[in-house]
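Report on one structure; see the data block that follows.
A quick note: this is a predicted structure, and the numbers were derived from the prediction, not measured.
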Amino acid sequence: MNAAPAVRIPSCAMVVPMLLVLAAAAPLHGQVCAGFAPLDETRYRVAVSAASYAYATAMRASVTVGGTPYASLGIGRTRDAELDAVSVDAGLEAGLDLTAQNGTFYLCPVAAFTASFGPDDFLFRPDDYTYTEGAAGFGLAVVPLRAGRVTVLAGAGARLAHLTVRRVHRSTEVIRWKYTNTYTLWSVGAGVVLDDVLTFRTFVTMPSRFPPPSTLEGMAVPFGREEGEVSFGAAVGLNFGRRVRPPR
Amino acid sequence: MSSEPDDLRKAGRAGSIAPRLLLPCLFPCLGTATCSDLSGPGAGGYVTPELRHLSFHYLETSYPDGGVLSIDGAPADTSFRLRQGQRVPVEIEVSSGDREEVGFYRELCPIQERVPVYDCFSSAVAVHADVHVAYLASHVAAIGGRFTMVFPRGVGGVVAVFDPEDLVRKARRAASWPGVRLVELKSSACPGIALQCRSETRSRLRLPVPVDTGVAVPGDGIVQIRPGDTVTVTYRQPGGGRLEAKRVVP
């Protein structure tokens with residue numbers, strides 16, 4: 001049997017699965033610049049987050065290790081209830097929390113890679129979807145308030161993401177469709193840190209230049225990746241593994 | 001026991017009000033955030049757009065007993081889009097005494113405009129050659145549905161569910177029923193990416209309602225009819241007018 005030729009123009013059936021993974025790619029953001037407590041006093045952080053997109057919700061968890069340079073490993077699950085479509089993802093992010101003015105301002109260059117799997121059997125079609133995305137960008141953050149045990153962080157960022165989507169026939173494993181795209185994801189986050197340990201943060205993301213007009217012009221893309229569509233999320237992070245400081 | 005806080009403070013961990021006060025809130029808070037869906041039932045309720053068309057027809061297969069009254073409506077404004085959780089109220093009145101107040105939903109799903117459309121209430125089931133689709137009647141009833149069509153020789157049929165929420169999930173469940181060979185979402189009038197057609201038809205409303213023969217039980221969600229009854233479906237327009245459709249039960 002001959003392999004089916006790859007289709008160059010994505011059909012509408014691709015859009016929902018594609019956006020499932022795009023939604024999944026959002027949560028692994030910079031640390032201070034996204035509203036988390038810096039890893040100054042502790043070595044590790046675990047965080048869980050939830051995000052609400054126009055048609056989907058996402059849950060994910062991450063573990064962050066490091067200090068000024070840090071790395072985060074995260075896993076997530078995004079679901080569109082109406083379409084009963086689910087994707088799971090795993091992502092690795094590395095970045096720097098560069099600070100000036102004694103911890104008041106931060107610059108956070110960041111790079112991330114995410115692989116997502118699903119949805120499978122989308123709307124009863126015999127195809128499975130996989131996605132990979134590489135992204136690089138930066139964030140800016142400020143600490144406007146330190147009062148006792150409470151610290152308030154606010155930040156914003158942008159990253160350029162390159163996405164590759166593959167639709168694979170379940171039985172033949174032939175790649176029936178492959179699509180690549182580059183877009184920008186803007187984010188704004190704010191967090192409240194208690195005791196430099198526990199962070200509550202909220203974030204807003206908004207894509208732009210997605211999808212590119214030349215290929216998916218006019219398509220209203222769900223899952224928070226429609227051009228200009230704002231998505232909301234919240235997260236909680238817990239720092240632990242206190243660093244041992246040499247006595248002065 | 002009283003020395004514990006001091007010990008902890010000496011260890012450099014005690015002033016930590018955060019874990020003690022806020023950790024219990026962590027997962028409930030996240031759960032709330034996850035479960036809330038901007039387009040979900042929370043944004044629902046009844047809405048009353050101006051309708052230009054109202055009709056209904058009766059579908060019966062006798063698998064299982066009873067049939068389905070399929071009510072269709074068309075808003076005057078073709079850009080109207082019913083949101084998930086929203087309903088458009090209609091009244092069903094039978095001359096023998098039954099009276100039901102029900103709510104239209106969309107004819108076409110999903111809400112996303114750019115995804116291929118499917119009938120919000122129906123899916124098609126095909127069974128293996130040695131199985132008659134009537135064998136699935138109890139399974140169909142268990143998901144809150146009825147057959148609206150049975151294919152020749154019982155090789156398959158169309159199942160309508162009365163609650164459109166989670167249609168895709170219910171269809172997936174049907175795929176695991178014994179004897180089922182294939183399940184498909186039922187395509188509607190605008191297949192593929194015929195955007196113009198879709199734009200016009202995405203405003204349409206539909207509601208299947210179960211119908212039984214027997215004594216009227218008003219308000220039970222099932223329309224009871226008898227031969228010779230007149231069935232009237234009424235919609236109250238937002239401006240005060242009424243739109244009606246009538247049929248006599250043969």
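- Taking each heavy atom of B/Ile111 and A/Glu82 in turn, the nearest pair found is N-OE1, 3.1 Å.
- Residue A/Leu83 holds its CG atom at 11.0 Å from CG of B/Asp166, rounded to the nearest 0.5 Å.
- A donor-acceptor pair under 3.5 Å is absent between the side-chain atoms of B/Glu184 and the main chain of A/Phe124, judged by distance alone.
- With contacts defined as side-chain heavy-atom distances shorter than 4.5 Å, the pair B/Lys170/A/Asp84 does not qualify.
- For B/Tyr135, the OH atom counts as loosely surrounded, since its 6.0 Å shell holds 12 or fewer non-hydrogen atoms of other residues, nucleotides or ligands.
- Proximity to chain B (any heavy atom under 4.5 Å) is shown, for A/Asp121, by both the backbone and the side chain.
- Remark: B/Arg153 CZ is loosely packed, at most 12 non-hydrogen atoms of other residues, nucleotides or ligands lying under 6.0 Å away.
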